[in-house]
Amino acid sequence: MQPAEKPIRVRFAPSPTGYLHVGGARTALYNWLFARSRSGSFILRIEDTDTSRSTDEAIVQIISSMEWLGLGWDEGPGRPGAYGPYRQMERAALYRQASGQLLSEGKAYRCYCTEEELDEDRKRARAAGRPIVYCGRCRELSAAGEQAFIAEGREAVIRLRMPETGRTVVRDLIHGDVEFENAQLGDFILVRSNGVPTYNFAVAVDDAAMEITHVVRGDDHLANTPRQLILLAAMGKQAPAYAHLPLILGHDRSPLSKRHGSVSVEEFRARGYVREALINYLALLGWSYDAETTLFSVDELVEKFSLERVGSTAAVFDTEKLLWMNGHYIRVLSAGELEARIEEYIKGTSLEGLPGKDGKPGLAELVPLVQEKMKTLADFLDLTDFFFLPLEFEPEIIEKLRGSVQPAAVLEKAIQVLYELPDFDTGTIEASLRRAAADMDIKVGKFLQPLRIAVSAKMVTPGMFETLAVLGREESLARLKAALVLIQ
RNA sequence: GCCCCCAUCGUCUAGUGGCCUAGGACACCGCCCUUUCAAGGCGGCGGCGCGGAUUCGAAUUCCGCUGGGGGCACCA
């Protein structure tokens, strides 16, 4: 038997420069799923070494989106662990110690090149068709030379001394072995002149220090990986396993961005998407279980997810499919749960606080009428606002009303019939209205349409019989009479 | 410019040399159901980027091309 394997530790490491993007959410989800399915730990690490773009608001946003999605972390902000702190800017001592060691061992060196010099180098390299990497001018600086630069007032960055020959292979769980020419990599910067570590350095130090076993991240980092591998080796650390996920694209196959519409988790939430749909959809964007299954609960995902079945092709984000899936999850929510989601959702909208107030119908009455028609929580507003808000008849809708089959006669008939009903429940209403339509020799659909418009000022509503019942006799009759006046 | 990744219906994908007459899902179209709209049921349309090679046999392997994407920052 093999010795017991080290417990799995994965991390999601966003840089707090904006909202949580669906691409980031998918990366977080895959990490989370992997950790959960292998009883490992999921760590949230904030990579805020870009001090000019990182903000606290972004951290709050990212955390809120992750919590909403249900992607809880075992260690990270608000959940202290043995490997903290979990914000890179709070780990400065660690990086300083690591760079100091590299420097003293001669594995890294100070570079005093100016931006102009570097720009010049790059231009020349490009013109000559050579790879654009640091030329190594400061590699073997003498102590005297260094003093001269310092006297000039130049500030130094710290660069890693990279091998000039050989190849480095990244053993990627998704892409297989990917080889890189070391000479193409260049002596990259570990520490900026202001003392703040760069991404590649901080990542390598932290992945090692936090004992990360698997790095699951976006494809855009694949080309960085050989640098991190060499750096890790220089520090005498063991490298984690890597899995690079293909990117998510927009409809035009360019990387998904704001101009493709909603891209942040927060926006989808605001537009009435439910977490179940977003999770399921994102899980399937790049991963599949078999040839048949499309619907997965979170528990099923945890049970069935594996990195082996993650594909290597970039995927186009399809809002239509997400919308369908959202409708599906809204339909399968229990009525009580959907009420809770709607209650939460309508806060801040025109319907806030209205259901159940002043004799108005409550969510419990309304949900059964609209559940199967809703594709997003936002649809609830369109579907039910006429129960609460004053009717506004657009000129076109009045025309529709006038243009329906014998509108005045139908309205009068309905008023009379509904007025005389012994009970005002759905069944009784349906029976009487169907009889009335038959009496007038009008098809039920045609008969109901003027009532629908009269009562809602809309062409599309929940079922008419249920709607009238929920509205109540008094309100229904008042609206029918008002409509009668309107068309005369 | 140099390095790397990717390539099956419009989209997400199944497929690892014969089970493929290429399967499923969304979208689309038609029919059914029907009280409007949805939902649901049934059916349909639709794809292996191109060219070579290997093989008795290739969506599946190899090479080239083309196309898309990423990296080459004191961004992550």
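Lettering follows sequence order; numbering is per chain, from 1. Computed from a predicted structure; not experimentally measured.
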Completion exercise
The residue, A:H221 or A:S312, whose nearest nucleotide of RNA chain B is more 5′ is A:S312
Handout entry: Most 5' of A:Y134 and A:V460 on RNA chain B, judged by nearest nucleotide
Key = A:V460
Exercise for the section: For the side chain of A:D220, starting at C-beta, report the closest nucleotide among B:G71, B:C2, B:C74. Expected result: B:G71
Fill in the blank from the handout: Of the candidates B:C26, B:C72, B:G40, the side chain of A:I132 sits closest to B:C72
Reckon [X] has a side-chain N or O less than 4.0 Å from the OP1 or OP2 of [N]?
X	N	value
A:T49	B:A76	yes
A:K375	B:A39	yes
A:R452	B:U35	no
A:R126	B:C2	no

Using atom [atom1] of each nucleotide, how far apart are [N] and [M] to the nearest Å?
N	M	atom1	value
B:U13	B:U54	P	34 Å
B:A76	B:G23	C1'	40 Å
B:U35	B:U8	P	45 Å

Practice task
Would you give a per-nucleotide map of nucleotides 8-15 of chain B, 5' to 3', where B means the base has a protein non-hydrogen atom under 4.0 Å away, S means only the sugar-phosphate does, and - means neither?
Solution key: ---BBSSS
Exercise for the section: For the residue pair A:F296 and A:Y289, categorise the inter-ring angle as parallel (less than 30°), tilted (30 to 60°) or perpendicular (more than 60°). Expected result: perpendicular
Practice task
Identify whether any heavy atom of A:P14 sits under 4.0 Å from a base atom; if not, whether one sits that close to sugar-phosphate; answer base, sugar-phosphate or nothing.
Solution key: nothing
Practice task
Determine the contact category for A:G463: base if any of its heavy atoms lies under 4.0 Å from a base atom, sugar-phosphate if only primed atoms, P, OP1 or OP2 are that close, otherwise nothing.
Solution key: base
Under 3.5 Å for both donor-acceptor distances, Watson-Crick or wobble: does [N] have a partner, and if so which one?
N	result
B:U34	none
B:G51	B:C63
B:C26	B:G10
B:C72	B:G1

Exercise for the section: Would you kindly check whether a donor in the side chain of A:S193 faces an acceptor in the base of B:C74, or vice versa, at under 3.5 angstrom? Expected result: yes
Please list each protein N or O that sits under 3.5 Å from an N or O in nucleotides 44-50 of chain B, with the distance.
none

